[in-house]
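The structure appears right after this line, and notes come after that.
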Amino acid sequence: LLSRAAEHLYWLGRHLERIEATVRVVEEHTNLLVDLPIEVESDWSSLVAMVGGQQPFTDQGLSHDEADVVAFLLHDRSNPSSVAATVAAARENLRVTRQLVPSAAWECLNRLYLTLGDADGPALSRSQNLAVCQAGRVTCQQVAGIMALNMGRDQGWSFYEVGRGLERADMTARILDARVGAILAGSGASG
């Protein structure tokens with residue numbers, strides 16, 4: 001296995017895991033918002049902290065309301081952690097390693113890439129954003145299943161799995177850090 005191919009498979013695993021985690025966070029936070037009473041304020045800024053995009057978000061001067069945060073996390077291609085940018089990066093990694101992975105994985109991810117291009121707009125409705133989240137989640141699960149069922153358990157598979165596992169651990173740590181920080185800030189405790 002060439003080191004370049006190993007690197008692309010590693011980043012493919014990381015990107016796919018990041019896409020799924022980001023859309024799950026947005027999807028679950030949106031569903032939580034719908035279930036909360038109207039008088040309860042929702043903290044959309046914690047979502048930006050969970051995906052590690054505070055600096056680009058602040059640099060763009062965006063507000064912490066639902067529309068700006070969701071657009072930044074899902075559609076903003078200038079944000080390297082957004083779903084749209086991550087899908088493009090994963091697609092490029094998959095394109096370079098197409099001879100090592102099942103062709104169905106390419107078809108699934110390419111379909112999501114084209115769907116995101118169609119869904120790119122300045123102000124999508126909540127239901128449109130949830131549809132993007134669902135498409136991202138389902139595609140990542142399909143690609144993971146295709147890879148698990150059809151890819152040989154060789155070095156390429158190992159690099160792909162290391163990337164997925166490392167991104168999952170990284171995202172878990174960021175989510176815990178953001179939630180613990182919010183809890184400590186809310187209780188008035190100092191860290």
Side-chain angles (χ1 to χ4, degrees), residues 4-30 44-60 62 67-98 100-101 104-122 124 128-148 156 159-175 177-178:
R4 184 181 66 139
E7 181 181 8
H8 285 291
L9 287 168
Y10 165 81
W11 281 107
L12 173 64
R14 283 204 71 161
H15 291 316
L16 288 172
E17 193 67 29
R18 177 172 286 252
I19 294 163
E20 186 172 0
T22 302
V23 297
R24 280 183 184 277
V25 165
V26 171
E27 198 171 31
E28 290 307 315
H29 194 78
T30 303
W44 287 96
S45 62
S46 64
L47 271 65
V48 177
M50 286 180 195
V51 298
Q54 300 92 324
Q55 193 60 47
F57 188 82
T58 304
D59 291 347
Q60 290 187 27
L62 299 171
D68 280 355
V69 170
V70 172
F72 179 77
L73 294 177
L74 295 182
H75 307 290
D76 187 353
R77 293 185 192 272
S78 67
N79 169 16
S81 295
S82 75
V83 170
T86 308
V87 166
R91 180 178 180 259
E92 180 59 20
N93 284 302
L94 191 56
R95 184 192 65 76
V96 171
T97 57
R98 278 179 79 174
L100 301 173
V101 297
W106 166 259
E107 292 167 9
C108 279
L109 193 59
N110 196 48
R111 194 169 31 254
L112 177 62
Y113 176 80
L114 295 173
T115 300
L116 286 175
D118 292 342
D120 196 15
L124 294 179
Q128 289 171 314
N129 285 326
L130 285 174
V132 167
C133 289
Q134 182 181 11
R137 182 175 38 79
V138 167
T139 298
C140 289
Q141 291 170 348
Q142 286 174 336
V143 171
I146 290 166
M147 300 283 276
F159 278 100
Y160 166 76
E161 280 295 300
V162 165
R164 286 185 66 209
L166 187 60
E167 184 62 35
R168 184 171 293 174
D170 188 35
M171 182 63 83
T172 301
R174 283 195 308 261
I175 289 171
D177 186 44

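For this chain, numbers begin at 1 and follow the sequence in order.
Here the straight-line distance linking atom CH2 of W11 with atom OG1 of T86 works out to 10.5 Å at 0.5 Å rounding. Between atom CG of residue L116 and atom CG of residue L74 there is a gap of 8.5 Å, rounded to the nearest 0.5 Å. Residue D170 holds its CG atom at 13.0 Å from CZ of R168, rounded to the nearest 0.5 Å. Here CZ of R95 is found 8.5 Å from NE2 of H8. Values are rounded to the nearest 0.5 Å. Taken from CG in L9 to OG1 in T97, the straight-line distance is 4.5 Å, to the nearest 0.5 Å. Within the model, atoms CD of E107 and CG of L112 stand 14.0 Å from one another, a figure rounded to the nearest 0.5 Å.
Side-chain atoms of N79 come within 3.5 Å of backbone atoms of F72 as a donor-acceptor pair (strictly under, hydrogens ignored).
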Checking side chain to side chain contact (heavy atoms under 4.5 Å, CB included) for the pair I175/V25: CA distance, chi angles, key distance, verdict?
CA-CA 9 Å; I175 289 171; V25 165; 4.1 Å; yes

CA sep, side-chain torsions, deciding dist, call: N110, L94, side chain to side chain contact (heavy atoms under 4.5 Å, CB included):
CA-CA 9 Å; N110 196 48; L94 191 56; over 6 Å; no

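Residues V83 and L73 have side chains not in contact (no heavy-atom distance under 4.5 Å, counting atoms from C-beta outward). Residues D68 and W44 fail the side-chain proximity criterion, which asks for heavy atoms closer than 4.5 Å. Between V162 and Y10, some side-chain heavy-atom pair lies under the 4.5 Å cut-off. Side-chain atoms of T22 and M171, non-hydrogen and from C-beta on, do get closer than 4.5 Å to each other. Residues V69 and F57 meet the side-chain proximity criterion, which asks for heavy atoms closer than 4.5 Å. The closest side-chain heavy-atom distance from Q60 to D76 is below 4.5 Å. By the 4.5 Å heavy-atom criterion applied to side chains, L12 and M147 are counted as neighbours.
Atom CZ of F159 is surrounded by 12 or fewer heavy atoms from other residues, nucleotides or ligands within 6.0 Å.
Shown here for R18 and V51, the closest heavy-atom pair between the two residues is NH1-O, 3.4 Å. Across all non-hydrogen atoms, the minimal contact from R91 to W106 is O-CZ3, 3.5 Å. Taking both residues in full, the closest heavy atoms of A49 and A178 are given as CB-CB, 4.0 Å, listed atom of the first, atom of the second, then distance. Between A88 and Y113, the shortest heavy-atom distance links the atoms CB-CE1, 3.9 Å.
The closest side-chain donor-acceptor pair between S82 and R77, if any, does not fall under 3.5 angstrom. Side-chain contact, E7 with N93: no donor N or O sits under 3.5 Å from an acceptor N or O.
With salt bridges taken as basic N to acidic carboxylate O contacts below 4.0 Å, none links R14 and E17. For the pair E167 and R174, the salt-bridge criterion is met [side-chain N within less than 4.0 Å of a carboxylate O]. Of the charged side-chain nitrogens involved, at least one lies within less than 4.0 Å of a carboxylate oxygen, so that E20 and R24 count as a salt-bridged pair.
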Donor-acceptor contacts under 3.5 Å from residues 131-143 side chains, at least two apart:
{"from": "R137", "atom 1": "NE", "to": "E27", "atom 2": "OE1", "distance (Å)": "2.9"}
{"from": "R137", "atom 1": "NH2", "to": "E27", "atom 2": "OE2", "distance (Å)": "3.2"}
{"from": "T139", "atom 1": "OG1", "to": "A135", "atom 2": "O", "distance (Å)": "2.8"}

